[in-house]
Amino acid sequence: VALTNADGASQWYFNALAAPEVTLEIKGKPVRARAVPVTDEAERRRIFELYRQQRAANFSQYFGVPVAAPAETLEKALASRKFMRFHPIR
């Protein structure tokens, strides 16, 4: 899963919406994938919480707020991001 910058206007996101078959580089190797935006709010929250739990050291870099920020601040950070999931094409 990838996420956009704070204003949600990342060019890669719009490119993936327009042409969802993409090539990612993972561990130096090309991987073909289909980009699918994550629009379900429950799933967005689940991913956000996974970032808080599993990527706490880098959370503020990804979301621009501390991992222990007040709930209102965390809500604003979540609302400002768009998520994209990538499914490998076999």
Side-chain angles (χ1 to χ4, degrees):
V1 173
L3 59 129
T4 63
N5 57 17
D7 64 6
S10 295
Q11 191 60 46
W12 68 262
Y13 183 85
F14 295 117
N15 290 344
L17 287 176
E21 287 193 20
V22 299
T23 301
L24 306 172
E25 185 174 318
I26 300 175
K27 295 184 179 181
K29 297 185 180 189
V31 176
R32 291 190 50 215
R34 176 170 297 283
V36 179
V38 179
T39 57
D40 178 73
E41 190 58 30
E43 181 64 359
R44 288 173 39 77
R45 289 181 180 282
R46 187 185 78 78
I47 293 167
F48 185 76
E49 285 305 315
L50 285 173
Y51 269 97
R52 284 186 71 206
Q53 295 167 12
Q54 297 177 7
R55 303 273 190 253
N58 297 327
F59 184 82
S60 63
Q61 180 182 353
Y62 296 136
F63 292 96
V65 298
V67 71
E72 182 179 315
T73 303
L74 292 170
E75 284 294 320
K76 287 179 183 177
L78 172 60
S80 71
R81 300 300 196 277
K82 295 179 181 169
F83 296 90
M84 185 74 73
R85 179 173 278 122
F86 297 93
H87 300 279
I89 297 172
R90 304 203 187 261

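The figures here come from the full heavy-atom set of this structure, side chains too, leaving out hydrogens, waters and symmetry mates. Note that this is a predicted model, so its numbers are computed, not measured.
- Remark: side-chain polar atoms of D40 are paired, donor with acceptor, to backbone N or O of E43 under 3.5 angstrom.
- For A69 against L74, the heavy-atom pair with the smallest separation is O-CD1, 3.4 Å.
- Considering only residues two or more places apart in sequence or on other chains, E21 meets the side-chain hydrogen bond (donor to acceptor under 3.5 Å, both in side chains) condition with R32, R34.
- Here the side chains of M84 and L3 are not in contact, with every heavy-atom distance at 4.5 Å or above.
- Judged as a ring pair (Phe, Tyr, Trp, His ring centres under 6.0 Å), and not counting sequence neighbours, F83 has no contacts.
- For the ring pair (Phe, Tyr, Trp, His ring centres under 6.0 Å) test, residues two or more places apart in sequence or in another chain that qualify with F59 are F48, F63.
- Put simply, the side chain of R81 gets close to the backbone of Y62: a donor and an acceptor are under 3.5 Å apart.
- Looking at residues two or more places apart in sequence or on another chain, you find a salt bridge (Lys or Arg N to Asp or Glu O under 4.0 Å) between E72 and K76.
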Check: Taking it one step at a time, do R45 and E75 satisfy salt bridge (charged side-chain N to carboxylate O under 4.0 Å, His left out)?
Finding: CA-CA 9 Å; R45 289 181 180 282; E75 284 294 320; 2.7 Å; yes
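- The hydrophobic clustering, which links ILVMFWY residues whose side-chain heavy atoms are closer than 4.5 Å, places F86 and F14 together.
- Listed by chain and number, the residues in a side chain to side chain contact (heavy atoms under 4.5 Å, CB included) with E49 are R52, Q53 (sequence neighbours excluded).
- Apart from V36 itself, the hydrophobic cluster it occupies contains nothing, where clustering links Ile, Leu, Val, Met, Phe, Trp and Tyr at side-chain heavy-atom distances under 4.5 Å.
- Follow the hydrophobic side-chain contacts under 4.5 Å out from V31 and you reach W12 in the same cluster.
- Taking all atoms of both residues into account, the shortest heavy-atom contact from A77 to V65 is CB-CG2, 3.8 Å.
- Under the 4.5 Å side-chain criterion, counting only non-hydrogen atoms from C-beta, R44 is not in contact with I47.
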